[in-house]
Amino acid sequence: MSDGTPLAADIAMPDAPGPFPAVFDYYPYRKDDVWAGYFRQHHYLAQRGFVALRVDVRGTGESGGFATDEYTLQEQLDGIAAIAWIAQQPWCNGNVGMFGISYGGFNSLQIAMHRPPALKAICPMYFTDNRYTDDSHYKGGALQMLFDTLVYGLGMVVLNAMPPYPMDAEADWSAMWEERLQGEPWMFRWLENQTYNDYWKHGSLCEDYASIQCAVYLFGGWRDGYVNANLRVFERLHCPKKLIIGPWMHILPDVGIPGPRIDFLHEMARFFDFWLNGTENGVMAEPPIAVYIQQYDTPHASRTLTTGFWRHEAGWPLERAAEIPLALAAGNALEPVAPAEEGARDYTYVPFVGTTFGMFAPTSLPILPVDQRLEDPYSQNWTSQPLVEAIEILGQPRAILTISATTDIATVVARLVDVAPDGTAALVTKGVLNLTHRDSDAAPTPIVPGERLTVVVLLDATGWLFEPGHALRLSISGADFPNTWPSPKRYTARIHFGGACDSRLILPAVGPQVPALPVPTFRPPAPFEPTAVGQAEPSVWRVTRDHIAETVEVSMRMASRTRIGDAFALFGRREAIAMVSEQNPANATIRGLSQQTLSWPLRTIDTLARGQIESTEQTFHVTIHLEITVDGLSHSSKHWMRSIPRHLL
């Protein structure tokens, strides 16, 4: 870099004379050990004529400096400089592409916004265009709990504190390691910035879609936590673009669950070949969108396959789209026509609702939703008659609700459920809204107790076919635990419907495609030789209800051991327990640990972070302890404590 800080990269080269186009991904997740298994993608691309690089972000892995936060301006400027360096190498033809999953997808978009001249195409996967509304920190104005705030946050404390390898850093090893130990946990900034402000606007593509001019191939999954950005970004980009949305969670589509799995790297290689080599391979002549339309499967947390079918679309939004309203009616019915007479239904806020909703699993367990009937007693549920004809939806459903509550802070959670003829209830999608954010994420305002509000709850985007004989259900409750931090006060909410209170569910329905486009055909996953050999321990996901203490806990544990080459081994462990009090939901806690133990001959370095976030009605109290040992002896110990005011959360 221009300031003398080195960035480290591994390069997979084609076994042929060059020059070649170059593609790279860019993470703070340590290319040489923690994410060593992902280098198989670079082998695949190198075998197909691309120089493929993996670059460690400044202050992580083998790169110098230290990482002050995620998605910083310095990180983006470093990426721009890396692109210029790559383009000037004798093995590069001057054309560069970027790709990456999650963090790598984010910074592919963010760096493309700067328009570096050599960057001609990007393939971001599982990303967002708005770091506040659709990242893993906040959702609908509510703070995320188990995954982001602690599990990922503690994980980054550990990764940012781990050393580079002495044999790579040579004389600078000790200085590089000591420098990165000066940082503080990123999660403090996430907790301190509780509304949509300049902190979140930085790096958010929604602030300037026109800034991207290179070609973009977007990859998304219906069960991923970043699902809402896919169709929205495709619609608003002004550059050459393609989009594929499959049934997957936050896992690469050739190994992901639920399937079907595809050789997504083949799709990326075709795209890069066109834009970086100028090869006329027909990739841009195909319809630009491919989506997988899901159908009902018996709900199961570890289901490996989603029933459904692939379809091409010529663009977005669809000309044949038509909204279908279903009104909330008496008898907890969903009806095509709103009732003339006004009615109301109450529900009591139960803070532990949500344990059946699933987790999208970037760094927690991949848990798909289970039977939603387990939550029915704690929700208000409106159900349609069994369908005579199928209804297909594509996009974001929304619930328009006239609602009042007996307190000034409340969260409403709306779920769209597919009810099978035998009564089994499968979660299609859900939406969360902190009612204090009903008008603005930048300037939330308290609820006036008892005052009727008309609010729009956006449910996550989906593609789904409701089959004849099945019914639709809209379920309304007040919690999404442990995904979302519980609202602090007990309350009763009232849903008003009928008459002047036109509470309703709006379905983004699509009719038949006429004429029908060719059906997408994807290659099955290609066999690959692992670039790291790992063995996962049995994972734990346990829900415990203590009837004496009147608390509910969700605990998770995941651990694995990995061999990297002949000399190095890595043990990783993540544990977390989220707890909420049934009678005092302000009393919520999440505690856990993240550990990485790196070993090579004559050296073992163990990095362990423990943390806890406790809430009261007014405050989040955060405690983090980092302990590093070298060959069993204490090397570094750091401790942070902070109390952060809670602003309408």
Side-chain angles (χ1 to χ4, degrees), residues 68-72 106 128-154 156-157 184-204 206-207 225-226 228 349 351 354 405 407-413 431-448 453 455 457-458 478-489 491 578 580 585-591 611-624 640-649:
T68 60
D69 197 358
E70 60 181 4
Y71 313 128
T72 64
F106 278 58
T128 188
D129 57 341
N130 187 314
R131 292 183 53 219
Y132 181 79
T133 63
D134 287 287
D135 195 358
S136 55
H137 307 298
Y138 294 87
K139 188 80 168 181
L143 176 68
Q144 300 285 71
M145 192 181 192
L146 187 142
F147 157 57
D148 172 71
T149 311
L150 195 87
V151 176
Y152 180 63
L154 278 184
M156 292 314 302
V157 170
E184 71 168 17
W186 294 356
M187 71 172 75
F188 290 141
R189 295 177 183 85
W190 308 337
L191 288 167
E192 290 165 346
N193 291 277
Q194 297 174 19
T195 59
Y196 187 54
N197 57 20
D198 288 341
Y199 176 81
W200 303 111
K201 291 177 183 178
H202 166 74
S204 287
C206 64
E207 294 292 317
Y226 303 119
N228 293 324
Y349 165 47
T407 188
D408 59 340
I409 302 173
T411 297
V412 60
V413 180
V432 177
L433 176 63
N434 177 350
L435 291 175
T436 68
H437 285 242
R438 61 197 179 276
D439 297 320
S440 172
D441 286 320
T445 54
I447 305 164
V448 177
L453 306 171
V455 300
V457 183
L458 278 177
D480 181 19
F481 176 79
N483 285 289
T484 299
W485 205 280
S487 293
K489 301 178 181 181
Y491 66 90
V580 65
N587 177 18
T589 302
I590 184 164
R591 62 189 187 275
Q612 180 164 300
I613 304 173
E614 302 170 273
S615 67
T616 66
E617 189 174 308
Q618 302 294 332
T619 309
F620 295 109
H621 300 291
V622 188
T623 305
I624 301 171
W640 297 270
M641 293 185 68
R642 193 163 299 178
S643 293
I644 298 172
R646 184 174 182 169
H647 181 57
L648 296 179
L649 289 176

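This is a predicted model, so every value here is computed, not measured.
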- prompt: Would you call Asp134 and Lys139 a salt bridge, taking side-chain N to carboxylate O under 4.0 Å as the test?
  reply: yes
query: Between CH2 of Trp200 and CG of Asn193, what distance do you get to the nearest 0.5 Å?
result: 6.5 Å
query: With side chains defined as the heavy atoms from C-beta onward, is the minimum distance between Ile644 and Gln194 less than 4.5 Å?
result: yes
query: Which is it for Val432 and Thr411 under the side chain to side chain contact (heavy atoms under 4.5 Å, CB included) test, yes or no, and what are the steps along the way?
result: CA-CA 7 Å; Val432 177; Thr411 297; 3.7 Å; yes
Ser643 and Thr619: side chain donor to acceptor below 3.5 Å: no
query: Is there a side-chain contact between Val457 and Val412, using heavy atoms and a 4.5 Å cut-off?
result: yes
- request: Could you pull out the closest heavy-atom pair between Ala479 and Val413, with the gap in Å?
  value: O-CG2, 3.4 Å
- prompt: Roughly how far, to the nearest 0.5 Å, is OH of Tyr349 from OG1 of Thr407?
  reply: 10.0 Å
field: Thr623 vs Trp640, side chain to side chain contact (heavy atoms under 4.5 Å, CB included): CA-CA, chis, key distance, verdict
entry: CA-CA 6 Å; Thr623 305; Trp640 297 270; over 6 Å; no
message: My understanding is that only residues two or more places apart in sequence, or in another chain, count here; which of them pass salt bridge (Lys or Arg N to Asp or Glu O under 4.0 Å) with Asp439?
response: none
- request: Could you pull out the closest heavy-atom pair between Asp441 and His437, with the gap in Å?
  value: OD1-ND1, 3.0 Å
message: Could you report the tightest heavy-atom contact between Thr195 and Pro444, atom names first, then the distance?
response: CG2-CD, 3.6 Å
message: If only side-chain N and O atoms count, and only distance matters, is there a donor-acceptor pair under 3.5 Å linking Trp485 with Ser615?
response: yes
Arg131 and Glu207 ion-paired at < 4.0 Å: no
task: Go through the side-chain N and O atoms of Thr128 and Asn130 and say whether any donor and acceptor fall under 3.5 Å apart.
output: no
query: Which heavy-atom pair separates Ala442 from Ser440 by the least distance, and what is that distance?
result: N-OG, 3.0 Å
message: Are the side chains of Met145 and Pro486 in contact, using a 4.5 Å heavy-atom criterion?
response: yes
task: Could you walk me through whether Val151 and Leu146 pass side chain to side chain contact (heavy atoms under 4.5 Å, CB included), step by step?
output: CA-CA 6 Å; Val151 176; Leu146 187 142; 3.9 Å; yes
Donor-acceptor pair between Gln144 and Trp190 side chains, under 3.5 angstrom: no
query: Looking at CZ of Phe620 and CD1 of Ile613, how far apart are the two atoms once the value is rounded to the nearest 0.5 Å?
result: 8.0 Å
message: Please check this pair: side chain of Thr436 against backbone of Thr445, looking for a donor-acceptor N/O pair closer than 3.5 Å.
response: no
- prompt: Less than 4.5 Å apart, any side-chain heavy atom of Ile590 and any of Gln612?
  reply: no
field: Asn434 side chain vs Gly141 backbone, donor-acceptor pair below 3.5 Å
entry: yes
field: Residue list, salt bridge (Lys or Arg N to Asp or Glu O under 4.0 Å) with Lys201, at least two apart or on another chain
entry: none
query: Does Glu617 pair with Arg646 as a salt bridge, N-O distance under 4.0 Å?
result: no
message: Is the shortest side-chain heavy-atom distance between Thr484 and Phe481 below 4.5 Å?
response: no
- request: Go through the side-chain N and O atoms of Tyr226 and Asp135 and say whether any donor and acceptor fall under 3.5 Å apart.
  value: yes
Pairwise distance CG(Leu143) to CG(Leu649) - rounded to 0.5 angstrom: 6.0 Å
field: Distance in Å, Cys206 SG paired with Asp129 CG, rounded so as to fall on 0.5 Å steps
entry: 5.5 Å
query: Heavy-atom distance under 4.5 Å between the side chains of Tyr199 and Glu192, does that happen here?
result: no
- prompt: For Tyr138 and Thr133, what are the C-alpha separation, side-chain angles and deciding distance, and is it a side chain to side chain contact (heavy atoms under 4.5 Å, CB included)?
  reply: CA-CA 6 Å; Tyr138 294 87; Thr133 63; over 6 Å; no
message: Just verifying a value: how many Å separate Ser204 OG and Phe106 CZ, rounded to the nearest 0.5 Å?
response: 8.5 Å
field: Heavy-atom side-chain contact between His137 and Met187 under 4.5 Å
entry: no
field: Flag side-chain contact, heavy atom, 4.5 Å: Arg438 against Leu453
entry: yes
message: Taking the basic N atoms (NZ, or NE/NH1/NH2) and the acidic carboxylate oxygens, is any pair closer than 4.0 Å for Glu614 and Arg591?
response: no
